[in-house]
Each structure stands twice: as structure tokens, then as C-alpha cells.
Amino acid sequence: MSTSGTPQFRYTQTPSKVLHLRNLPWECTEEELIELCKPFGKIVNTKCNVGANRNQAFVEFSDLNQAISMVSYYASSSEPAQVRGKTVYIQYSNRHEIVNNKSPGDVPGNVLLVTIEGVEAGDVSIDVIHLVFSAFGFVHKIATFEKAAGFQALIQFSDAETASSARNALDGRSIPRYLLPEHVGSCHLRISYSAHTDLNIKFQSHRSRDYTNPYLPVNPTAIEGISQPAVGPDGKKKEPESNVLLASIENMQYAVTVDVINTVFSAFGTVQKIAIFEKNGQTQALVQYPDISTAAVAREALEGHCIYDGGYCKLHLSYSRHTDLNVKAYSDKSRDYTIPEASLLAAQQAPGAPAAPPQWQNPQYPGNEYGSAVQGHMPPGQGPWDPSMQAGRSTYVSAPGTFPGQNFATSSVPSYAAAGVPSGSSPHASTRPSMPGAPPNMRHDGASPPGVRPGGVSPSGQPTYYGQ
DNA sequence: AGCACA
């Protein structure tokens, strides 16, 4: 007794408080669905954009009679149910409740999380993404990144309505072939809502854009900038000079803390910012000076030399493509000495007493980028588009003040109380700040070990004022 | 224009 061939009539179906609606316009939002149905009763649940064409929906009333009233109303009405001028067909669903309606990514917002399946990051440019999504409204910002799920993008629209129209139109569809490289097969878009409301874009780059802020610094290689620039011994890289140095630390037998880096590099001038991170299992540090010439001097003096005797912590220096680091003011992996509070904090952080830094200092974004945002762990608006985030691993608490700064010298006047410029040393930059037998991560509460000069932070916790 | 686990 099949119903094939003969249309089923609505009144032959078993009533349910769940109604099945079809022939909806694909842009149909949950709001429109509710508008249509709520005159008949209380809606307790909905499910929109169902089916291959995303033009079906379910609505669950709190009471069976309400569903019946809606069905019978439109069964006898001369005016069909409509959404955006399209006739909507309404029947009882063959289920009696809507299950599993909302996953976290279904909560509408103005930011979309787009997963582009089957492609690598290089295959789809940010401009292509922008082009595709701009069809639905002004795209404020885009951030792209790679996570386990694949190549993903966060796309910020003005409002949730625009975002949902883009989602409804594009979810499950593919980017047109002509916008993609030849070798790319299929690339379906999986789109959900992000918990973000405002992305924090720091650079215009091949990975991130802020279309609302034309004055944002352009960093064509915002991420690659700190990737390994292949600094081989013979590597004669024609890299442009920069006020920011990238230090790769080889043979790192001892922990190299922010303070150690600060001490070493302060010998040549004011260190403004430091970011330490891991890249391919190697520790690297970005060190920012106020100007290129200072960086150049430091680079010349330090290249190939070891922080410690015995070939430990050998430095390889190159120019970063960064010009201004965006780092947490004070964490165990970064420092911004241009912020007074950070210097103060650094100064007051007694060695060996790892007073837990406030939450904001240390990112909870293991890995990088927005991965945790996807899981909703990141507060909205805190997208860390931040090079220093590259290495989220905090391995040890920094033990400042143990570096033998006396071997470094500077001719410049220290600008920061806690900057740790070992003045009073020889005016020539020794390149052997060795400290035999006393690794810098050695804990020693209180006084410095013999022969060790407080390198930046006095162990007693007092800011050390070097002056002249 | 015809029923949802992702």
C-alpha cells in the first residue's frame, strides 16, 4: 500500500506537535520561521535549513493543538503560508519532537567559522574568501588559520543576519572552481557560527585582514615572518634590515628566559619587546629595538656566539620582518618594556618565587590562533592575532636575574628601570657572556650566586636602577 | 514540493 503516485493529503497524517515545513526560501532565518508560526501557539524548538537544499524546517509547538490549529488554518485558507513571498507547505512531521536542535556552532552571531575542506592553506587566498563572502554584505574582518580540522577562516560581518544569509547560502557548497588552483578537487565549505563578535586583527597580511581599518600595519608575512628563515651558517640571506631581530637558539641546554634575552640584548641598546616561542622544536626569540642601527650592531656582535660557555645556547640572528611586536606585556614568554606596568611587574617578580601571573598575561591558547575559540573557550573579541602566540607552551617559570650580565657592555643609557642594562661594564660588547657551571635556570632565591651580576632584575625583588 | 545525527 504505497503512497507513490498519489499525493498524500495532509489530513491523513497523524498529528504531531512538530510541523514539517518545506519550500522555504533558502535564506529563511529562524526568526522568519517563528514569525510565521507563533500566531498559532508557543514554539519550543525549531530546526532550520534542513535538507540538501536547506529549504526545509521543523517547528515544535508546546502543545499538539497549536500545531493542529496551524495546519488546519492553512489547509482551509485561501492565502497560503508564505515566507518572503514563497509559499510554504506545512505538514505534521512524522516525528514528535525536535531532537538535538542546537549545537554550539548553531547559535547565530555575526562571525562565521568557515572550514574549507580538502584544501591546504595556500590553495585559497584570503582575497578569494573575501570575494565569496562579500556577496552577502560588507565583510569587516577575516582571519585564516590552520587547525586539525583543516583550513579555517573566521569571517566577521556587521550583524548576525548578514552572517546567517552567507551561511545559509554557502554552507555545504563549494568555492567556484575558477577561483581555485587547478589541482584542487572539491572544497566544500562547512560553516558554523563563531562565538566571536569582534576579531582582533593585528596585521593586514596574507592570513588576516581588517577591511575596516586601512591604516593597520601591513605585514605581508605576519606569520611567516617568524618562521625559520633558514639561517644556515652559509645562509647569506638577503633579508631586509629591521629593528627586530630573530634569534634562533641552538643547543639550548639551559632555559633561556625573557630576562636572559633581555640582559644579553640590552647590552647594545634599549630592548623594547621580547617574544620567545618555539618553532619546529627550536626555541626562537624576537627582540625589538627602537631602531635598525641598534639591531644591526647587536646582530653583528652576537651572531654565532653562545650565551653560555661550552657551546650552549648558541645564537643565530637574522632580521625579522616584524617592525613592532605585539606581545603580552608580561608573561613568561614575552615582555613589553615600553609599558611601564610591565617593567614594574618584571622588577617585582622575585626570582624563584613564581607568583602566578595574572590570567591575562599568559594566553590560554595552546597551539595558536583561534583553535580554542572554536570550542568556545576564548572570550569574544580576543582573537590573538599575535606572533608571540606561536608557541603557547609554557615550560618553566622564568628565573630572572641570574644572568651574568657583566660580560656585556653597553654604551647606551638604560631607559628602563628593569631593563637590566649592565652599566659599568666594559664598553665593548663581549660576545662571551659565559657563566660556567651556572645555568640561568638555576633557582636561587635571594642573592645572586657569586660572580653573577643581577642582569636586569635584582633578585631581592627591587628594581635595579642603573644610572649614571 | 515530501522529514533531521552533523
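Note on naming: letters A, B, ... go to the chains in the order of the sequence lines (proteins, then strands), and numbering restarts at 1 for each one. Computed over heavy atoms, backbone and side chain alike; hydrogens, waters and symmetry mates excluded.
- By the 4.5 Å heavy-atom criterion applied to side chains, A:I249 and A:Q282 are not counted as neighbours.
- The nearest whole Å value for the distance from the CG atom in A:N168 to the P atom in B:dA6 is 20 Å.
- If you find the closest nucleotide of DNA chain B to A:H96 and to A:N55, the one lying nearer the 5' end belongs to A:N55.
- Checked against B:dC3, B:dA1, B:dC5, the side chain of A:V99 finds its nearest nucleotide in B:dC5.
- Using modelled atom types, one finds a donor on one side chain and an acceptor on the other under 3.5 Å when comparing A:H140 with A:S158.
- Between the P atom of B:dC3 and the CG atom of A:N53 lies a distance of 11 Å, rounded to the nearest Å.
- You'll find that the side chain of A:R95 is closest to B:dA4, out of B:dA1, B:dA4, B:dC3.
- Looking at heavy-atom distances under 4.0 Å, A:N94 makes contact with a base.
- Both geometric conditions, a ring-centre gap below 5.5 Å and a plane tilt below 30°, are fulfilled for A:F58 over the base of B:dA4.
- Atom P of nucleotide B:dA4 and atom CZ of A:R22 are separated by 13 Å, given to the nearest angstrom.
- For the side-chain hydrogen bond (donor to acceptor under 3.5 Å, both in side chains) test, no residue two or more places apart in sequence or in another chain qualifies with A:K314.
- Using modelled atom types, one finds no donor on one side chain facing an acceptor on the other under 3.5 Å when comparing A:S165 with A:N168.
- Comparing B:dA6, B:dC3, B:dA1 by their nearest atom to the side chain of A:K47 picks out B:dA6.
- Within the structure, every pair that satisfies the salt bridge (Lys or Arg N to Asp or Glu O under 4.0 Å) test and touches residues 123-138 of chain A, not counting sequence neighbours, is listed here: A:D127-A:R209.
- Here A:E60 lies out of heavy-atom contact (under 4.0 Å) with every strand.
- Per the geometry, CG belonging to A:N45 stands 15 Å off C1' belonging to B:dC5, to the nearest Å.
- In this structure, A:R190 reaches neither bases nor backbone, as no heavy-atom distance under 4.0 Å exists between it and the strands shown.
- Regarding A:R54, its CZ atom lies at a distance of 18 Å from the C1' atom of B:dA1, rounded to whole Å.
- In this structure, A:H188 atom NE2 and B:dA6 atom P are separated by 16 Å, rounded to whole Å.
- Rounded to whole Å, atom P of B:dC3 lies 15 Å from atom CG of A:L19.
- A straight line from CG of A:L21 to P of B:dA1 spans 15 Å, rounded to a whole angstrom.
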